Amino acid sequence: MNRWGKQALGIILLAVIWQGASWSGIWSSYILPSPGKVAKALWTMMESGVLWQHIFVSLKRVFQGFSIAFLLAFAGGAAAYELPGIEEYYKGFLEFMRNVPPISLIALLILWFGIGETSKIIIIVLASFFPMYLNIRKGFVSIDKKLLEVGQAFGFGRWRQFIRIVLPGAVPDILVGMKVGLGYSWRAIIGAEMIAASKGIGYLILDAQQMSRSDKVVAGILTIGAVGIACDKVFQVMIGRMAVRGSAEGASGHENQGFV
Amino acid sequence: MRIRDLCKEYQVAAKRIEVLKGLNLDVDNHGITVVLGRSGCGKTTLLRLAAGLEQADRGSVEMGSDAKMGVIFQEPRLMPWLTVGDNILFGTGKRQGRGRHRVLNRHLDYLLDLTGLKGFEDAYPSQLSGGMQQRAALARALAYKPDYLLMDEPFAALDYFTRSQMQKELLKIHQAEQKGILFVTHSIDEALTIGKKVVILEDGGCRKEYDLGDIPYPRDLLSEKIGKIKKGIVEEMEKTGEIGMLP
Ligand SMILES: Nc1ncnc2c1ncn2[C@@H]1O[C@H](COP(=O)(O)OP(=O)(O)O)[C@@H](O)[C@H]1O
Ligand SMILES: [Mg+2]
């Protein structure tokens with residue numbers, strides 16, 4: 001059996017256990033909604049179009065937050081390379097912030113930025129900044145000095161050194177950072193939409209919870225997982241297109257940095 | 001290129017190491033000048049100073065006001081994300097382009113031909129053998145149209161046969177391009193194969209000089225004339241090798 005077959009079998013097995021458990025009647029259908037009930041909830045929301053709206057709104061927030069976090073992480077990483085002295089000043093603060101779960105800041109964010117989009121996007125930025133920053137910084141700082149000397153021998157100035165050696169050399173780490181950051185920003189959507197949202201996948205789940213609709217909660221969770229995988233795959237395809245052969249392989253990064 | 005009274009010292013763990021102590025050397029602007037010396041005698045240091053990659057403590061490297069240097073390091077140092085063609089053009093600011101966007105570049109074609117890399121312009125460095133990578137590095141230096149080539153044991157990491165092949169090719173390229181070459185090596189045979197002038201670097205300075213200008217290429221290292229020179233060089237290096245060696 002191939003890779004896909006095995007993965008599918010694992011999922012089918014889980015679904016069978018789930019179905020069996022709900023048939024056994026040990027748990028009420030509120031505590032453990034049956035697969036059929038969840039599928040029906042999913043189907044209803046798809047048919048009426050609400051599900052797509054929720055996904056769209058959440059994706060938009062994630063994309064905004066992710067973009068801002070990427071720009072900050074890129075700037076921070078580049079600064080760590082170009083101005084190594086200045087990094088010491090913000091290192092301590094970043095280390096501190098890295099250990100503070102963004103959700104714990106919700107109260108303050110609402111106080112300072114209100115309950116609009118700003119607060120939600122800041123949550124996503126905070127959740128995805130650190131894994132991106134650490135990877136991008138690593139890419140810039142660990143650039144091979146021997147390659148830099150090649151540029152120096154050709155009389156390259158600072159800017160050309162950066163554009164022609166440092167940046168392309170850091171691309172594999174930048175991509176790893178973006179991939180990991182994308183995952184973190186998507187997973188932060190629940191936290192972000194805890195703040196007075198009226199649309200979005202996170203809102204869907206929290207609202208279903210209020211309404212005691214556990215089937216919709218499970219449907220929302222399945223959607224989050226599926227969209228997360230889809231985003232990752234789309235990103236993977238985009239990386240493949242960019243054809244960074246020779247250096248893209250062997251790129252590894254910190255997969256587990258930052259918290260939600 | 002005239003090198004005068006060149007001094008360079010390094011500080012290693014509170015210990016001062018004088019690597020070059022007032023080195024003088026003239027580098028012919030058409031021939032191959034070989035600096036021969038044991039490992040750790042300061043060959044790389046000399047080359048890095050000449051290339052401007054490091055600052056001398058004292059002394060000077062004089063050449064034409066806008067003379068350009070092409071540096072070939074001991075390792076190929078190709079950019080792994082660029083194709084061979086783009087690596088060769090790296091110092092020129094030009095691009096090779098892909099597929100339909102390929103830019104016609106006569107000089108690149110000429111260099112690919114000269115270094116035997118024709119057909120590999122779209123390959124990536126990781127797909128080449130060590131010898132081919134070093135040839136690409138040589139082509140990259142030549143594409144820059146330098147007045148001098150500075151070569152730091154470029155063939156030391158290659159196996160015997162590839163190395164002698166590369167020496168032959170270097171001589172061929174030298175015939176075609178007529179650039180001044182400063183070549184450093186620890187191999188006496190390599191020095192005798194390619195050097196127009198062979199200089200022994202020992203104890204921080206150029207201790208002895210051999211003029212091989214009257215022996216044409218390609219050379220037979222087993223000939224009587226070269227055998228005699230080799231004997232002299234070996235004796236010289238063994239004599240000075242015992243004293244004044246760096247740790
Ligand atoms: N950047 C450096 N810092 C400290 N010591 C160095 C440095 N570069 C070279 N040296 C020392 O200078 C000596 C000569 O080195 P090098 O020029 O590399 O020798 P070679 O190329 O002839 O083998 C060695 O003893 C080496 O340890
Ligand atoms: Mg050396």
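In this text, all values refer to a predicted model and were calculated from it rather than measured experimentally. A note on names: the letters A, B, ... follow the listed sequences, proteins ahead of strands, and every chain is numbered from 1.
- Among the residues in residues 76-84 of chain A, none has a non-hydrogen atom closer than 4.5 angstrom to a non-hydrogen atom of chain B.
- Under the side-chain hydrogen bond (donor to acceptor under 3.5 Å, both in side chains) criterion, the residue pairs touching residues 59-75 of chain A are A:R61-A:E117, A:R61-A:E193, with sequence neighbours excluded.
- No more than 12 heavy atoms of other residues, nucleotides or ligands lie within 6.0 Å of CZ in A:F56, so this atom counts as exposed by the packing criterion.
- Shown here is B:K68, whose NZ atom has more than 12 heavy atoms of other residues, nucleotides or ligands within 6.0 Å.
- Atom CZ of A:R160 has more than 12 neighbouring heavy atoms from other residues, nucleotides or ligands inside a 6.0 Å radius.
- At a heavy-atom cut-off of under 4.5 Å, chain A is reached by no residue from residues 145-157 of chain B.
- Put simply, the side chain of B:R77 never gets that close to the backbone of A:L147: no donor and acceptor are under 3.5 Å apart.
- Contact of the A:P168 side chain with the B:L82 side chain is not registered, since no non-hydrogen atoms from C-beta on lie closer than 4.5 Å.
- The shortest side-chain heavy-atom distance between B:F73 and A:V150 falls under the 4.5 Å cut-off.
- Enclosure of atom CD in B:Q11 by more than 12 non-hydrogen atoms of other residues, nucleotides or ligands within 6.0 angstrom is indicated.
- For the pair B:R48 and A:E149, the minimum side-chain heavy-atom distance is below 4.5 Å.
- Here the side chain of A:R164 pairs a donor or acceptor atom with the backbone of B:F90 at under 3.5 angstrom.
- Listed by chain and residue number, nothing satisfies the salt bridge (Lys or Arg N to Asp or Glu O under 4.0 Å) test with B:D109 (two or more places apart in sequence, or in another chain).
- Put simply, CZ on B:R140 and CZ on A:F154 are 5.5 Å apart, with the number rounded to the nearest 0.5 Å.
- Counting heavy atoms of neighbouring residues, nucleotides and ligands inside a 6.0 Å radius, atom NZ of B:K118 exceeds 12 of them.
- Summarising the local packing, CZ of B:F120 is surrounded by 12 or fewer heavy atoms from other residues, nucleotides or ligands at distances under 6.0 Å.
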